[in-house]
Number of protein chains: 2
Amino acid sequence: MQMSPIMVPRRLYQAAPPVAPRTADTDGVRLIGVTLTVARDQEVFGEGEPADQVYKVVRGAVRGFRVLSDGRRQICDFYLPGDVFGIEPGCEHRASAEALTDTVLIVARRSSLGEDTDPTAARRLWGLAMADLQRSQDHALTLGRRSASERVASFLVDMANRLGASEMLELPMSRQDIADYLGLTIETVSRTLTQLQVSGLIKLAGCRSIHLRKPRALADLCA
Amino acid sequence: MQMSPIMVPRRLYQAAPPVAPRTADTDGVRLIGVTLTVARDQEVFGEGEPADQVYKVVRGAVRGFRVLSDGRRQICDFYLPGDVFGIEPGCEHRASAEALTDTVLIVARRSSLGEDTDPTAARRLWGLAMADLQRSQDHALTLGRRSASERVASFLVDMANRLGASEMLELPMSRQDIADYLGLTIETVSRTLTQLQVSGLIKLAGCRSIHLRKPRALADLCA
DNA sequence: GGCGCGGATTGATCAAGATCAAGGCAGCCT
DNA sequence: AGGCTGCCTTGATCTTGATCAATCCGCGCC
């Protein structure tokens, strides 16, 4: 089942999600720019390319990742509707980004954000970057110290929060993407989801939609 | 062997380290504030405390970390002489910080950085935060996808770069700290270092000083 | 509706690293 | 100097998650 764009939540931001929110402001950063449509699995930008543009997800979803020389891939983050990505410290991208599904983006030149002239824009951008840092450190905690079931449970809880889904979760990504985000293999992710279903915490309904039957218990599992 | 403050390198910044540098500017952010001495293992700040101050390491070293409810610890980063830390998106710290050895810090109120008024200060702060984000994402790649020996090798290479040690490396942290940074156990770190020594890549000389005999081979091991 | 394809699940086995358990060593204190 | 204490190292065994190998299933297409 391919996720249809219609199912993406309308509200771009939730009120105070329990896990590190992506922006400091509730209504995020306004981007003025061209809209760009990217087909599933198409590259938005690649490692080493010049980083003079920033992107905001309108519909769909994006994976940001790095790869080792032998092809091992680590997904650093998923970008969901409302998220801004592509801001880098230097002049070139140190990660790659690809669309998970057919995706609509707004693209703006970095310079158009007015970070030098507009203190409000600068502060928003700052909040954005710091929230990303928080998320990345949370992610490091998960990758370094949590077990497979804790990783999968926290992934589901985080996704539910970010997608604004209280119980019915429509995932935009494949099992392989989840595995590469959580530092596991696809088999382990699959087995863990099956176990969670057997324990009655979730119900799998087609491989990309998951019913969170006991969200509280799931959150407790995250340790 | 306790590391003496005298052994800390004088130069606060290296020229262009190969791994993500901590600051965009070569001479970093100037902090005007009070100096603070923190004894080994003493807390600089704790999770949940108000984050209205920033810190710069003068001598010694600091670990920044998060803990799970059951005590598992993930060290997010080590802060070495010249590094600035303690900047947070919100008003409270989401991580804790403790001195690794007897440490001297400069403390400044966050507001004194003049990020709102001085565009240069703002840009430096920005570079700092983005470099931290890069480092954190590198760290996630290591934790998610690298083997134990790759983790240890990349740790040694990174430390050598940051401490400005070309071959003789004086580590300010214990094996347990290294393990908690790399998402391994203390036994695995110890065994891996022994293996590296047997392979002739390093020579252990007292448990906190390591001679990198084949830095190039070590770097190749990082994958 | 039937077929085929690609991702997902499941099973069997393997191995990297964790855990449990002793020693060893260095620095420190008296 | 001697002993003590706290890390560090080493060894034996166990467990978790990886790997290898079939299916299975859902979906799109004919």
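Here the structure is a predicted model, which means the values were calculated and not measured. The sequence lines fix the lettering, A, B, ..., with proteins before strands; numbering per chain opens at 1.
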Tell me, with the steps shown, if B/Ile178 and B/Val152 meet side-chain contact (heavy atoms from CB on, under 4.5 Å).
CA-CA 8 Å; B/Ile178 299 174; B/Val152 172; 5.7 Å; no
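Atom CD of A/Glu150 is separated from atom P of D/dT16 by 12 Å (rounded to the nearest Å). The nearest whole Å value for the distance from the CD atom in B/Gln195 to the P atom in C/dG17 is 9 Å. Between B/Gln197 atom CD and D/dC8 atom P there is a gap of 15 Å when expressed in whole angstrom units. Rounded to whole Å, atom P of D/dC8 lies 8 Å from atom CD1 of B/Ile178. The separation between A/Arg146 atom CZ and D/dG17 atom P is 14 Å, rounded to whole Å. The distance from atom CD1 of A/Ile210 to atom C1' of C/dA8 is 12 Å, rounded to the nearest whole Å. Straight-line distance from the CG atom of B/Asp180 to the C1' atom of D/dC8: 15 Å, rounded to whole Å. The nearest whole Å value for the distance from the CE atom in B/Met173 to the P atom in D/dC7 is 16 Å.
With no hydrogens or angles considered, a side-chain donor-acceptor pair links A/Gln134 and B/Glu88 at under 3.5 Å.
With DNA chain D read from its 5' end, the first of the two nearest nucleotides for A/Arg191 and B/Leu204 is the one closest to B/Leu204. Of the two residues contacting DNA chain D, namely A/Gly206 and A/Val189, the nearest-nucleotide position lying further toward the 5' end is that of A/Val189.
For B/Thr194, no side-chain nitrogen or oxygen approaches OP1 or OP2 of D/dT9 to under 4.0 Å. For the pair A/Thr188 and D/dA18, the criterion of a side-chain N or O lying under 4.0 Å from OP1 or OP2 is met. One finds no side-chain N or O of B/Ser147 lying less than 4.0 angstrom from the OP1 or OP2 phosphate oxygen of C/dA16.
Listed nucleotides C/dT9, D/dT9, C/dC20 differ in distance to B/Glu187; the shortest reach to its side chain belongs to C/dC20. Closest contact between the side chain of A/Ser190 and the listed nucleotides C/dA18, C/dA8, D/dT19 involves C/dA8.
Between the side chain of B/Gln42 and the backbone N or O of B/Ala39 there is no donor-acceptor pair closer than 3.5 Å.
Applying salt bridge (charged side-chain N to carboxylate O under 4.0 Å, His left out) to B/Asp177 and the options B/Arg63, B/Arg40, B/Arg208 leaves one that passes, B/Arg63.
Below 30°, between 30° and 60°, or above 60°: for B/Tyr181 and B/Phe78 the angle between ring planes is between 30° and 60°, a tilted geometry.
In this structure, A/Tyr55 has its ring center under 6.0 Å from that of A/Phe45.
Residue contacts shown for A/Leu193 are absent, as no nucleic acid heavy atom lies under 4.0 Å away.
Here the side chains of B/Cys222 and B/Arg146 are in contact, with some heavy-atom distance below 4.5 Å.
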Which letters describe nucleotides 2-7 of chain C, given B = protein heavy atom under 4.0 Å from base, S = only from sugar-phosphate, - = neither?
------
